[in-house]
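The chains referred to below are lettered A, B, ... by the order of the sequence lines, with proteins before strands, and numbering in each begins at 1. Every heavy atom of this structure was used, including side-chain atoms; hydrogens, water molecules and symmetry mates were not.
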Protein chains: 2
Amino acid sequence: MARRSGTRDTILERATDLFGLRGFEAVSLDQIAADVGVAKQTLLYWFPSKDDLIEQVLAATAAELAVVVEAAIRSAPDDPLDRIEAVVKAVFRPAVRRPALLGLVREIGRLPSSSSDALTTRVQPLVARAVQWMRSEMDAGRLRSGDPSVIVALVYATVTGIATEPEALRAVGWNADISGLRRLRDELVLFLRAALTPR
Amino acid sequence: MARRSGTRDTILERATDLFGLRGFEAVSLDQIAADVGVAKQTLLYWFPSKDDLIEQVLAATAAELAVVVEAAIRSAPDDPLDRIEAVVKAVFRPAVRRPALLGLVREIGRLPSSSSDALTTRVQPLVARAVQWMRSEMDAGRLRSGDPSVIVALVYATVTGIATEPEALRAVGWNADISGLRRLRDELVLFLRAALTPR
DNA sequence: GGGTTTCTCTACCATTTGGTAGAGAACTGT
DNA sequence: ACAGTTCTCTACCAAATGGTAGAGAAACCC
């Protein structure tokens with residue numbers, strides 16, 4: 001049953017980018033096939049239907065993001081504020097390198113929830129852990145008190161908003177090159193520090 | 001040349017919601033027509049093409065958002081931090097009432113820029129003014145120093161991220177009801193206060 | 001070498017897409 | 001009452017959509 005060609009992986013990768021950048025419904029199988037350089041029916045050999053392809057793309061993306069975040073958590077420093085900074089920067093890294101990844105997350109709301117279960121079940125525990133950790137740090141007085149789940153949601157919304165809307169951000173007079181993304185990321189970290197440093 | 005029926009306005013309104021919630025390419029003229037309760041060709045009577053409809057939707061949305069923001073600026077208090085809070089809350093209001101409005105903004109990046117000129121040219125000056133104002137307040141020492149354009153972009157990304165991704169936010173364990181949105185908004189305002197209060 | 005599995009292809013299909021042509025109501029000003 | 005405009009409709013079209021059927025290479029195991 002071992003795969004002998006890389007076609008499947010290539011399809012997954014290109015589909016991830018196209019879906020993330022333009023949306024599931026807006027990208028046709030023909031377009032993905034042309035992008036990969038293969039016949040549409042080759043896609044349908046590897047993935048029985050477009051819905052299945054979407055599901056696999058989400059599953060692969062969830063796995064990839066989870067690995068990055070887990071690694072960042074494992075190697076992060078102990079000081080709560082440094083730790084937050086490290087993890088936020090880690091989340092930003094794939095988003096900067098490959099905005100389509102977070103563009104996918106944005107697309108979830110447009111799907112029947114069953115298709116996004118793979119991603120949701122992968123991301124939820126990480127977030128739950130983050131919220132729990134933050135609450136305990138707050139109780140211990142090492143972070144200023146607040147509602148951890150709201151803070152996490154806020155960071156999440158910011159990161160996805162930044163990562164997926166470079167064009168729209170240009171509409172507010174901001175330049176979406178790499179250095180611009182870095183400045184945004186650093187400003188976000190400063191915000192978090194200012195808001196969470198214990199008084 | 002006066003309009004005798006409200007059909008055109010109804011089409012614009014419904015199309016705004018559908019486009020904002022599901023994306024331009026994902027929504028067909030047939031679907032909009034069915035939603036409005038009219039034949040597809042009635043749409044094409046009022047708007048010569050789908051592209052034209054999109055353009056008109058964006059123009060109307062830009063006008064609507066600009067009015068809200070301008071009114072908020074005009075009646076906002078003088079203290080810089082209070083002023084920021086008032087404007088942010090004003091921007092949030094239509095987003096909360098009608099998330100599709102900001103969903104539209106998110107769609108801009110997927111359009112040929114000519115189609116979004118109407119929105120861009122309407123929003124840009126407002127943002128430019130905000131940045132200029134913030135810089136002068138920083139110079140006067142009434143706000144902590146920073147890069148105003150980055151801060152504005154950050155707020156913008158947060159608001160659109162929150163307003164357009166209730167489903168995705170649920171994936172990170174956050175509840176997207178009205179009170180949840182209010183809590184997020186209030187937390188954002190707290191962040192801004194903490195980050196911008198002069199030391 | 002022969003049979004099986006892996007992999008990609010051409011040919012085709014029903015449905016949906018954005019859009020055209022043009023008929024016919026219904027309201028308007030005179 | 002009548003001419004012109006405003007407004008919505010049915011009927012149709014070429015192209016693109018997701019998907020099926022099945023043929024033909026190429027690599028694998030024996």
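- In this structure, A:Phe47 places its CZ atom 14 Å from C1' of C:dC7, rounding to the nearest Å.
- Put simply, A:Leu58 and A:Val68 are part of two different groups of oily side chains (I, L, V, M, F, W, Y) that touch within less than 4.5 Å, one to the next.
- For C:dC9, one of the phosphate oxygens OP1 or OP2 lies less than 4.0 angstrom from a side-chain nitrogen or oxygen of A:Thr42.
- Residue A:Gln31 places its side chain closer to D:dT17 than to any other of D:dT8, D:dT17, C:dT8.
- By the rule that hydrophobic residues join a cluster once side-chain heavy atoms approach within less than 4.5 Å of another member, B:Leu184 and B:Val87 end up as members of one cluster.
- Taking hydrophobic clusters as Ile, Leu, Val, Met, Phe, Trp and Tyr residues chained together by side-chain heavy-atom distances below 4.5 Å, A:Leu190 does not share a cluster with A:Leu196.
- Taking 4.0 angstrom as the limit, B:Thr7 places none of its side-chain polar atoms (N or O) nearer than this to OP1 or OP2 of D:dC7.
- Here C:dT16 presents its P atom at 17 Å from CD1 of B:Ile32, a figure rounded to the nearest Å.
- Although no hydrogens or angles enter the test, the distance criterion places a donor-acceptor pair under 3.5 Å between the side chain of A:Lys50 and the main chain of A:Phe24.
- Here the P atom of nucleotide D:dG19 and the CG atom of A:Leu43 are 11 Å apart, to the nearest Å.
- Counting only distance, with no hydrogens or angles, the side chain of B:Arg83 and the backbone of B:Asp78 share no donor-acceptor pair below 3.5 Å.
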- How would nucleotides 18-25 of chain C be written as a contact map, 5' to 3', with B for base contact, S for sugar-phosphate-only contact and - for no contact, using protein heavy atoms under 4.0 Å? BBBB----
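- Regarding B:Arg8, its CZ atom lies at a distance of 20 Å from the P atom of D:dT5, rounded to whole Å.
- Within 6.0 Å of the CD atom in B:Gln132, the count of heavy atoms belonging to other residues, nucleotides or ligands does not exceed 12.
- An OP1 or OP2 oxygen of C:dT6 is reached within less than 4.0 angstrom by no side-chain nitrogen or oxygen of A:Trp46.
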